[in-house]
Protein chains: 2
Amino acid sequence: MQITSRFTVALHIFTCVEIFKDEYKVTSDFLAGSINTNPVLIRKILTQLKAAGLITVARGTGGIAVTRPISEITFYDVYQAIEPVENGDLFHFHENPNPKCPVGRNIHALLDNKLKAIQSAMEDEMKKYTLEDLKTGALERIANEQ
Amino acid sequence: MQITSRFTVALHIFTCVEIFKDEYKVTSDFLAGSINTNPVLIRKILTQLKAAGLITVARGTGGIAVTRPISEITFYDVYQAIEPVENGDLFHFHENPNPKCPVGRNIHALLDNKLKAIQSAMEDEMKKYTLEDLKTGALERIANEQ
DNA sequence: AAGCATTGTAACACTTGCAATGACGACTCG
DNA sequence: CGAGTCGTCATTGCAAGTGTTACAATGCTT
């Protein structure tokens, strides 16, 4: 099981916006071209990012604007905006363990704090990376190409 | 997107084996009863655990034996045995970014080390918990019930 | 040797979620 | 008004997880 590609696509979108916003009009069609996917998928992701308050999208004229300084937006913010994880739990239990079994009726409580710690470790690492890191990294790589 | 319930089911299986192995014959039917699922699902998971060398399963007579001391088996070992993640990568990229776009042809290399760091943070945390923690935790909880 | 319980595995149906696509209304600007 | 763009819906295809049935293979037990 893998994290949806929508997460990496969202990071791709932010990178494109930052790199190209002065040079081109960054529309969902433009982004779909760079990512090589469908404009509708882009728009769905933009809708999620907008709902999370990370961006605003101009209707009609087109154009995407980031609402906060990109140094203040972390991978975790993007992840939370994109992944519609039920209750925010990364791990999934089997629904109805047998309450007559001593293990069955305790397994959930027993595992819960450990799984939460594992999930938190991942999320805390996500908070270390910002969109600014992404932009500067992209500029470096593009400069080194020539 | 969530981690499959097979992972937590596998941990449930190990806990049951440790708690009940002296008292009952722990078969796939017995486990299916505790977890409240299908014996075939249990057998599929047992097959994965066996392929990873964590357990042996006696055919015919039935019965599950752990091959190593449970203090030496971590959640990570179980996770690796269960999750058939492609290339071991937790995160998933969109397949074919546009090579004509400066961002498109660099995004993969740009994100790779960051995503790997995030994944490693999770996996390292998984290595902190062993099946022994699970067993002692379960015994405590069961004792406190009375 | 025969019977029984159990595992190993294949096959199938069902559900869910992601992704691709087309269509059309809503909105903004020139 | 008209062109361009976003917002959203419906449909389709596909993959994965899960539940279930069925049956062969295995190894005790008698």
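The sequence lines fix the lettering, A, B, ..., with proteins before strands; numbering per chain opens at 1. The figures that follow rest on heavy atoms only: side chains count, while hydrogens, waters and symmetry mates do not.
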Handout entry: Spacing of B:I42 atom CD1 relative to D:dT18 atom P, expressed in whole Å
Key = 11 Å
Do any N or O atoms of the protein come closer than 3.5 Å to N or O atoms of nucleotides 1-5 of chain D, and which pairs are they?
| from | atom 1 | to | atom 2 | distance (Å) |
| --- | --- | --- | --- | --- |
| D:dG4 | N2 | A:G60 | O | 3.4 |
| D:dT5 | O4' | A:G60 | O | 2.9 |

Handout entry: A:H92 side chain near C:dT16 phosphate (N/O to OP1/OP2, under 4.0 Å)
Key = no
Problem - Gap between atoms CG and P, on B:L41 and D:dT20 respectively (whole Å) - result: 10 Å
Donor-acceptor contacts, no H, no angles, side chain residues 128-136 of chain A, under 3.5 Å, sequence neighbours left out:
| from | atom 1 | to | atom 2 | distance (Å) |
| --- | --- | --- | --- | --- |
| A:K128 | NZ | A:E125 | OE1 | 2.9 |
| A:Y129 | OH | A:E125 | OE2 | 3.2 |
| A:T130 | OG1 | A:E132 | N | 3.2 |
| A:T130 | OG1 | A:D133 | N | 3.3 |
| A:D133 | OD2 | A:T130 | N | 3.0 |
| A:T136 | OG1 | A:E132 | O | 3.1 |
| A:T136 | OG1 | A:D133 | O | 3.1 |

Practice task
Measure the distance from CD1 on B:I64 to P on C:dG8 and round it to the nearest whole Å.
Solution key: 9 Å
Which pairs of donor and acceptor atoms, one on a side chain in residues 99-109 of chain B, lie under 3.5 Å apart (sequence neighbours left out)?
| from | atom 1 | to | atom 2 | distance (Å) |
| --- | --- | --- | --- | --- |
| B:R105 | NE | A:E145 | OE1 | 3.2 |
| B:R105 | NE | A:E145 | OE2 | 2.7 |
| B:R105 | NH1 | B:P99 | O | 3.0 |
| B:R105 | NH2 | A:E145 | OE1 | 2.9 |
| B:N106 | ND2 | A:E145 | OE2 | 2.9 |
| B:N106 | ND2 | B:P102 | O | 2.8 |

Problem - Those residues of residues 48-57 of chain A lying under 4.0 Å from DNA chain D by at least one heavy atom - result: A:K50, A:V57
Exercise for the section: Output yes when A:K116 and A:D89 qualify as a salt bridge under the 4.0 Å nitrogen-oxygen rule, no when they do not. Expected result: yes
Practice task
Using side-chain contact (heavy atoms from CB on, under 4.5 Å) as the criterion, list what pairs up with B:A65, not counting sequence neighbours.
Solution key: B:T56
Exercise for the section: Find the distance B:L46:CG to C:dT7:P and express it as a whole number of Å. Expected result: 8 Å
Problem - Among D:dT8, C:dA20, D:dT20, the one nearest A:V40 by side-chain distance - result: D:dT8
Practice task
Determine: side-chain N/O of A:S5 to OP1/OP2 of C:dA19, distance under 4.0 Å, yes or no.
Solution key: yes
Problem - side-chain N/O A:T47 vs D:dC6 OP1/OP2, d < 4.0 Å - result: no
Exercise for the section: Quickly work out the A:N38 CG to D:dC6 C1' distance and round it to whole Å. Expected result: 14 Å
Handout entry: Which residues share a ring pair (Phe, Tyr, Trp, His ring centres under 6.0 Å) with B:F7, sequence neighbours left out
Key = A:F91, B:Y79
Handout entry: Interatomic distance, A:L31 CG vs D:dG7 P [rounded to whole Å]
Key = 12 Å
Practice task
State which residues pass side-chain hydrogen bond (donor to acceptor under 3.5 Å, both in side chains) with A:S28; sequence neighbours excluded, sorted by chain then number.
Solution key: A:R43
Side-chain polar contacts of residues 15-22 of chain A - donor-acceptor pairs under 3.5 angstrom, sequence neighbours left out - could you list them?
| from | atom 1 | to | atom 2 | distance (Å) |
| --- | --- | --- | --- | --- |
| A:T15 | OG1 | A:L11 | O | 2.8 |
| A:E18 | OE1 | A:K21 | NZ | 3.4 |

Exercise for the section: State, without any angle test, whether B:H92 and A:T4 hold a side-chain donor-acceptor pair at a distance under 3.5 Å. Expected result: no
Practice task
Using atom NZ of B:K44 as one end and atom P of C:dT9 as the other, report the distance to the nearest whole Å.
Solution key: 12 Å
Exercise for the section: Round to the nearest Å and state the distance from B:E83 atom CD to D:dG17 atom P. Expected result: 7 Å
Fill in the blank from the handout: Sorted by chain and residue number, the side-chain contact (heavy atoms from CB on, under 4.5 Å) partners of A:E140 (sequence neighbours excluded) come out as none
